[in-house]
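What follows is a set of notes on a single structure, which appears directly below.
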Amino acid sequence: MNKRDMILPIPPAEIDAQMAYADQFAALAERPQTYFIVTYGCQMNAHDSEKLAGTLERMGLTAAPCKEEADFVLHNTCCIRDNAERKALGNVTWLKEIKKQRPHLLIGICGCMVQEPGMAETLLRRYPFVDVAFGTGNIHRLPEFLLKAVEKRQRVIAVPEEQSTLIEGLPIKRESSFQNYVTIMYGCNNFCSYCIVPYVRGRERSRNPKDILKEIENLQKQGVQEIMLLGQNVNSYGNDNSFGVTFPQLLHEIGKTGIPRVRFMTSHPKDLSDELIEEMAVNPALCHHFHLPVQSGNNRILDMMNRRYTREIYLDRVRKLRAAVPDIGISTDLIVAFPGETETEFEDTLALSNEVRWDSAFTFIYSPRVGTKAATLPGQIDPDVASRRIEKLIHQQDQITQEIFQSLIGTKVNVLVSGHARRDETELTGKSERNISVNFRGTQDLIGHIVPVQITAASKTTLRGEIIKGE
Ligand code: SAH
Ligand code: SF4
Ligand code: F3S
């Protein structure tokens, strides 16, 4: 995008107008009183749901304990792979039956899936029980949409063609009081050939660094211990505007706010600069964890994926990161069975996993997405072959993760305590800087604090340890 065409946030007056609708809605004699949001997909969606919840509470609704008890159920959908989409549509359809028993139930659907080409028409025709549908680019208009649906009893299907908006100033109901998301940019320009995100989230739009810093300063004042900076490709932050602040510079400024821990995701290997690596080494707020999706270990497949780096470039970035930050933990995303992937090409991914030794990897079977380039490629892989490949990859990665966990026994880590362990109420759990779950015995009052823990054992998915007293 031309820097002169930079995107400005939606004017504050427009947000004020929506808040006026919110007040109007709150004053209605008959209206939904409770809401429940079902969230699918990535952290972007989770954070959008926090904004939607903030807006709904501003409209006078309160959170219901489960969707069965809510007057308004909103599905914030994902369409990254076919199963994500099927799950969302299945759950929306299930509500149709509930609506027969409770006719006043209001059903909403939003998020990436709604933004898919043709989806608005499908919803209109095939899902007549959906009352409100809107896209990722107009979540700020929820008060207006709900008012119309409730007061005028009209269906609202409002999906913007373009998601070129930058939304500032919405109320946010944050899930946690000590671990928060902060969006630094929206959208994606990369058009990896398999991926739907650029189509449903629009082009890259970076937030004004002043707005980001103000938000983080406020969180720091409230005692927040950790923030996760969000964007589809955070290291291209600033490329689309003329604020003159790059991602490493932004991290530097964020470090000065005094927030104890900073994480970010996701980084694209092609944009991982030496400056960013340098900043990782010197900025004490940055957690020693790097999520660096590689997708494939084979150069032909990487080229077909339009990733714009090679296996060698990826390995070079990993080497540099580890040289600068020796105790860094690196994780990745991997796709198997991309169209045309041969057995030998898949083995290159297996070999890369042995060479890099990621702490962990999210592994996916390629899922064709209508409208993307890869969906039209010849050589779609047989599902049985794909399953066998992913199982082999998962098995190998599990073993590597185990070996890494074992090597951490005896070390001291700092853990941000997030709550009780799932399997044992007397245990606490939290994440180390390296983003590994650590369980240990401790008292409830430690939740929300960063504590030093000595690692004593490792299980399949977590480390175990003992709190170090007197530090
Ligand atoms: N912006 C991030 C990731 C976004 S989606 C990045 O570029 O790394 C998260 C992961 O889902 C991707 O890294 C990829 O591994 C996977 N993914 C995306 N589209 C997919 C598809 N069509 N089929 C299977 N996996 C996919
Ligand atoms: Fe999708 Fe690629 Fe953009 Fe990530 S960088 S969101 S995988 S197009
Ligand atoms: Fe899914 Fe949208 Fe995230 S498609 S993975 S929710 S950006």
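Basis for what follows: all heavy atoms, side chains included, without hydrogens, waters or symmetry-related copies. When a ligand or atom number is given, it counts from 1 through the structure's own listing order.
- Each protein N/O/S atom under 2.8 Å from atom 2 (Fe) of ligand 3 was counted, for a total of 1.
- Nearest protein heavy-atom neighbour of atom 7 (S) of ligand 2: Tyr194 OH, 3.4 Å.
- Taking the six-membered ring for Trp, Phe247 and Phe264 have ring centres closer than 6.0 Å.
- Annotation: side chain of His47 is in contact with side chain of Leu230 (closest heavy-atom distance under 4.5 Å).
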Less than 3.5 Å apart, N/O on ligand 1 and N/O on the protein: could you list those pairs with the distances?
| from | atom 1 | to | atom 2 | distance (Å) |
| --- | --- | --- | --- | --- |
| ligand 1 | 1 (N) | Gln232 | O | 2.8 |
| ligand 1 | 1 (N) | Gln232 | OE1 | 2.8 |
| ligand 1 | 11 (O) | Arg81 | NH1 | 3.1 |
| ligand 1 | 13 (O) | Gln295 | NE2 | 2.8 |
| ligand 1 | 13 (O) | Asp333 | OD2 | 2.6 |
| ligand 1 | 15 (O) | Gln295 | OE1 | 2.7 |
| ligand 1 | 17 (N) | Arg81 | NH1 | 3.4 |
| ligand 1 | 22 (N) | Tyr194 | O | 3.0 |
| ligand 1 | 22 (N) | Ser367 | O | 2.8 |
| ligand 1 | 23 (N) | Ser367 | N | 2.9 |
| ligand 1 | 25 (N) | Arg81 | NH1 | 3.3 |

For His291 and Thr266: C-alpha separation, side-chain torsions, deciding distance, then whether side-chain hydrogen bond (donor to acceptor under 3.5 Å, both in side chains) applies. CA-CA 6 Å; His291 186 60; Thr266 306; 5.2 Å; no
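- In this structure, the side chain of Thr34 does not engage the main chain of Leu61 through any donor-acceptor pair within 3.5 Å.
- Note: Phe364 and Phe362 have parallel aromatic rings, judged against thresholds of 30 and 60 degrees for the angle between ring planes.
- At the top of the distance list for atom 7 (S) of ligand 3, counting protein heavy atoms only, stands Gln232 NE2, 3.3 Å.
- With ring centers used as reference points, Phe191 lies under 6.0 Å from Tyr199.
- For Arg203 (side chain) and Cys188 (main-chain N/O), a donor-acceptor pair under 3.5 Å exists by modelled atom type.
- Ser267 and Asn235 make their closest contact through CB-ND2, 3.2 Å (heavy atoms, listed as atom of the first residue, atom of the second, distance).
- For the pair Asn138 (side chain) and Ala158 (backbone), a donor-acceptor distance under 3.5 Å is present.
- Listed by chain and residue number, Trp94, Leu95, Arg102, Leu105 satisfy the side chain to side chain contact (heavy atoms under 4.5 Å, CB included) test with Ile98 (two or more places apart in sequence, or in another chain).
- Within the protein, the N, O or S atoms lying under 2.8 Å from atom 3 (Fe) of ligand 2 are Cys188 SG.
- Applying the 6.0 Å contact sphere to CZ of Arg357 captures more than 12 heavy atoms from other residues, nucleotides or ligands.
- Distances from ligand 2 to the non-hydrogen atoms of Arg307 include at least one value under 4.0 Å.
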Evaluate the side chain to side chain contact (heavy atoms under 4.5 Å, CB included) criterion for residues Val356 and Tyr314: first the C-alpha distance (whole Å), next the side-chain angles of each, then the deciding distance (0.1 Å), finally the verdict. CA-CA 10 Å; Val356 177; Tyr314 186 87; 4.1 Å; yes
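- Relative orientation of the Phe338 and Tyr194 rings is perpendicular, given thresholds of 30° and 60° on the angle between their planes.
- Side-chain atoms of Gln18 and Glu144 include a donor-acceptor pair closer than 3.5 Å.
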